[in-house]
Amino acid sequence: MPEGAPLTGRLTAVQLADVLNVSAARIRTWVRLGLLHPGGVPIATARKHAGFGFAEVARARAVHRLTLAGVRPAKIRAALERVREWLPETEPSAAALEVGGEAAPVLVRLPGGGLAEPSGQLRFDFDEAASAVGRGSLRQLAERPADEWFELGVVAEQRGDFEAAVDAYERALLGGGPDPQIAFNLGNALFALERPGEAAQRYRQAVELDPGYAQAWNNLGNALAEHAQPRDALMAYARALTVDAAYADPHFNLAETHQQLGQLGAARKHWSAYLALDGDSPWAAMARERLASLPG
């Protein structure tokens, strides 16, 4: 189903991944963190209410915009939890969150239109100030400091202008020097443009600067797999697990890649390891089916 097509009924997780043009592993992570609820209900009862309705698709799009801008899913979850503390009468949604800056990576769009930090501290609306900055003007404002180029890259990503985002992040790197967060964001923008080879180069830069960046190792594996380098992808996924042994997604990705390569023993090992870490999500059923399909 192409993105933007009319949605009727409920989408399966695989269909939602297709709508957003993301991997199934990414949807699985969002569900496990509680950012999405299949059927609009908590994960504990998801099996009784299969599928994602319109509201959950809108939430998924919002989460996707934030992650493309470099905000890690765990930070999104933490921001929502903070908002619940000072707005207990409402149930905050990721759709109300926007990308902030280094001091506050996530901001909340208030009902009246203003911006606040998850703690409740009001903030200046940088997005409104930058709303007149389009792709053409990005190329003309060469004197901006690196941090402003980074912010403009985030704004461009939020609007789906990934070409402008690439230009802004490249200028941020040129002006401010190597930075793992900027390199990671640049990799995400390049991946969204279906340029996995270039994305892999930027993810490599991110992990060279920060070898403990598990998500960058995992995304490097995804980019390499898309670039028809499955064996190199296996090494990147394995490195993500070296950094964070409790990170379930690389196990899922390793299992799928090993199975595609016909390495069924290794696939079995990682399907089992994934289920040991995540045994009660919609993706666990898929992992069990893949595991059961293996001979022997």
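No hydrogens, no waters, no symmetry mates; every other heavy atom, side chains included, goes into these values. Positions are given from 1, in the same order as the sequence printed here.
Atom CG of Asp167 sits about 6.0 Å away from atom CH2 of Trp149, to the nearest 0.5 Å. With rounding to the nearest 0.5 angstrom, the CE atom of Met286 is 12.0 Å from the CG atom of Leu275. We find the CG-NE2 distance between Asn218 and His251 to be 11.0 Å, quoted to the nearest 0.5 Å.
Nearest heavy-atom pair, Ala206 versus Ala183, reported as atom, atom and distance to 0.1 Å: N-CB, 4.0 Å. Ala189 approaches Ala165 most closely through the heavy-atom pair CB-CB, 4.3 Å. In terms of heavy atoms, Gly279 sits closest to Arg288 at O-NH2, 2.7 Å. Considering all non-hydrogen atoms of both residues, Asp278 and Ala248 come closest at CB-CB, 4.5 Å. Taking all atoms of both residues into account, the shortest heavy-atom contact from Ala255 to Ala267 is O-CB, 3.6 Å. Closest approach of Leu209 to Pro180, counting heavy atoms only: CD1-N, 3.6 Å.
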List the steps, then state whether side chain to side chain contact (heavy atoms under 4.5 Å, CB included) holds for Arg171 with Leu152. CA-CA 10 Å; Arg171 290 177 182 273; Leu152 291 172; over 6 Å; no
Take Glu256 and Arg290 through the test side chain to side chain contact (heavy atoms under 4.5 Å, CB included) and record every step on the way to the result. CA-CA 9 Å; Glu256 282 200 318; Arg290 300 284 182 86; 3.0 Å; yes
Does the side chain to side chain contact (heavy atoms under 4.5 Å, CB included) test come out yes or no for Val243 and Val207, once each step is laid out? CA-CA 11 Å; Val243 172; Val207 296; over 6 Å; no
Between Leu16 and Leu36, is the side chain to side chain contact (heavy atoms under 4.5 Å, CB included) condition met? List the steps. CA-CA 11 Å; Leu16 178 58; Leu36 299 178; 4.2 Å; yes
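Note: the hydrophobic cluster containing Leu68 also contains Val154 (ILVMFWY, side chain heavy atoms under 4.5 Å, direct or indirect links). Leu241 and Leu220 are not part of a single hydrophobic cluster, where members link through side-chain heavy atoms under 4.5 Å apart. One hydrophobic cluster, built from ILVMFWY side chains closer than 4.5 Å, holds both Leu193 and Ile182.
With a 4.5 Å cut-off between side-chain heavy atoms of Ile, Leu, Val, Met, Phe, Trp and Tyr, the cluster of Leu277 takes in none.
Ring geometry for Phe252 versus Trp271: interplanar angle over 60°, hence perpendicular rather than tilted (30 to 60°).
Side chain of Thr257 to main chain of Leu254: no donor-acceptor pair is present (N/O by atom type, distance under 3.5 Å, no hydrogens or angles).
Annotation: side-chain contact (heavy atoms from CB on, under 4.5 Å) contacts of Glu170 (sequence neighbours excluded): Val166, Leu186. Contacts of Phe184 classified as ring pair (Phe, Tyr, Trp, His ring centres under 6.0 Å), with partners at least two apart in sequence or in another chain: Tyr203, Tyr213. Here Glu226 pairs with Phe191, Pro196 under the side-chain contact (heavy atoms from CB on, under 4.5 Å) rule; sequence neighbours left out.
A 4.5 Å side-chain heavy-atom check between Pro178 and Glu208 finds every atom pair outside the cut-off. By the 4.5 Å heavy-atom criterion applied to side chains, Phe150 and Tyr169 are counted as neighbours. You'll find the side chain of Leu264 stays beyond 4.5 Å of the side chain of His258, heavy atoms only. Two residues are said to be in side-chain contact when any heavy atoms from C-beta on lie closer than 4.5 Å; Leu234 and Gln263 meet this criterion. With a 4.5 Å cut-off on side-chain heavy atoms, Leu291 and Ser272 count as touching.
Residue pairs meeting the side-chain hydrogen bond (donor to acceptor under 3.5 Å, both in side chains) criterion with at least one member in residues 232-247, sequence neighbours excluded, are Asn222-Tyr237. Legend: salt bridge (charged side-chain N to carboxylate O under 4.0 Å, His left out) pairs involving residues 185-204, not counting sequence neighbours, sorted by first then second residue: Glu163-Arg195, Arg195-Glu198.
Counting only N and O atoms by type, the side chains of Gln215 and Asn219 include no donor and acceptor under 3.5 Å apart.
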